[in-house]
Amino acid sequence: MEFKEAVPYVVAAYMGIWVVLFAYVFAVNNKLSGLKKELGALNKAFEKKSVD
Amino acid sequence: MIRKVSGAKQIAAIIKKDIIAELRTKEMVVSMFLFVLLVMVAFKYAFGDSESFSDYAGGLLWIAFLFTALLGLNRSFVHEKDEGCLEGLLLAPVDRPNIFFGKMAGNFMFISIVEIITVPIYMILFKLSIEGSIALFISAIVLSNIGISTVGTLLSTVSINTKMRDMLLPLIFLPVILPVLAAAVVSTGGIMAGVAGEKLANVFSAMKLLIAYDILFLLVAYALYDFVIGE
Amino acid sequence: MEKATKLLFAIAAVLLLTGLALAFLVAPQIVIQKDGKDVSIFSQKIFYFHAPIAETSLVAFVIGAIFGALFLARKERKYDFLSFASVELGFVFGALVMWTGDIWTRSEWGTWWEWEPRLTTYLILMLLYSGYFVLRSAVSEESSKARLSAAYSVIAAVTVPFTFFAIRLIPSVHPIVFDSSGAKMEHSMLAAFLVSMFGMTVLYVAFLLLRYQTLLAGEEVDYLKNKLGG
């Protein structure tokens, strides 16, 4: 296969790698920060409850 | 005080229990046999008058056997669980790995019985013959059956302990058993065609793979069964 | 642990970008003889990331099984989390192996799928580990979930080498077009491979730590919710 024809394939392969890896980091990171927020809220609620 | 019986006696007791239950109901062997016959009739529809059927003879035989084994493996634990027998077995002073070996031997036996009846019928229906050594053919089938019943018993215990129950078994059993399928097809297919030379060497390497698989998974099952069957 | 994770991500990014630069700018173009003419194979560049990703996914599955076995031996929750995180990562990397492998198949052989031994092995691996996730979702009670999936992670890892050898029993249609074994590689190509491989491994460890933290946080949230509710 000629160089010109091969370029889109190589680009597609590397794009796929980066997109998937970034999407995964993003998804896991988002989940973690969401959980941390929830954890903070729960901890506050818990303190309030124990004071009451 | 309960006298502890030896391991071999424990295994024998479980096998005996399964045989008695099977003789009473006959549901496992009969339904497996009818199922495999129906699958073979379906092959006829798929292939029609094709002359080159013998090329696929080994592969089709094992696809039929694998799905038939799946049918039986599901039964073997579903009724234990449904009728509360599994709790009974777990409460009895039996070592957990011995439960595995007992159930595995039972499954091996039922699958083998169905295969012994089916292979000649298959040969007659599709005008096939075994060109190579019959002893080799039988040992390839036995080695494959050990693999199927070992992994099958282990994984059907896993699946029975989930919400999906028998729905899960094919999803986890088939990918794990694929090496056995490949090796069984290559070895039995090769022996049926009576190959020689390089292809015969391939038959032997398939059988070596089966031996290694059987030994390794027997060890894995021995080590893991305690964890799989439940607390 | 958070700082360490961030640092690892940064190191992985630097290494992978270096690997990329080495692969495209430094490593020589592969040229083969075809009908008496020199033909350059640009699509070979895919392999600089394809092979490291494949290695990393296998490592992830093996480490998942090791943590699974540790869970069964010690019954500590953290091993279940690590085992699950590792298997999940192996699965993500495995998906990338199939993606890059398939694109290479398309560019060199002109078809979207070939039953090439290595690609076939990966397809079976992906199906094998799909079963892991289905199994996990099919058990609601947490301790049985951990126990059964740990056992399955070990069973699956034992299956992998057999799958690898079994697929080679069936005669392959395609010859291996080129050999990426070390002997034939030039130093600059080897350097690009090694840097990418090291980068991917660091990335895996970073991901493992990140995923582990989410699982820990999730457990804590559940615990607090139960305590508040009850």
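Keep in mind that the numbers below use all heavy atoms, side chains included, and drop hydrogens, waters and symmetry copies. Every chain is numbered from 1 and lettered A, B, ... according to where its sequence line falls, protein lines coming before strand lines. Computed from a predicted model, the values in this text were never measured in an experiment.
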Legend entry - Contact class of Y223(C) relative to chain A, heavy atoms under 4.5 angstrom: neither

Legend entry - Test item: side-chain donor near acceptor, E141(C) and S143(C), under 3.5 Å: yes

Legend entry - Contact class of L215(C) relative to chain A, heavy atoms under 4.5 angstrom: neither

Inset, instruction - Return the option, out of L20(C), I46(C), T100(C), with the maximum number of heavy-atom pairs under 4.5 Å with chain A. - result: I46(C)

Inset, instruction - Counting only heavy atoms closer than 4.5 Å, note whether Y14(A) contacts chain C via side chain, backbone, both or neither. - result: side chain

Legend entry - Test item: E116(C) and W109(C) side chains (from C-beta on) under 4.5 Å apart, heavy atoms: yes

Legend entry - Y204(C) and S57(C) side chains, donor-acceptor separation under 3.5 Å: no

Inset, instruction - Check each atom of F49(C) against the heavy atoms of chain A and say whether the ones under 4.5 Å are side chain, backbone, both or neither. - result: both

Legend entry - Cation over ring face, R106(C) and Y9(A), 6.0 Å, 45°: no

Legend entry - L216(C), part contacting chain A, at a heavy-atom distance under 4.5 Å: neither

Legend entry - E2(C) and T5(C) side chains, donor-acceptor separation under 3.5 Å: no

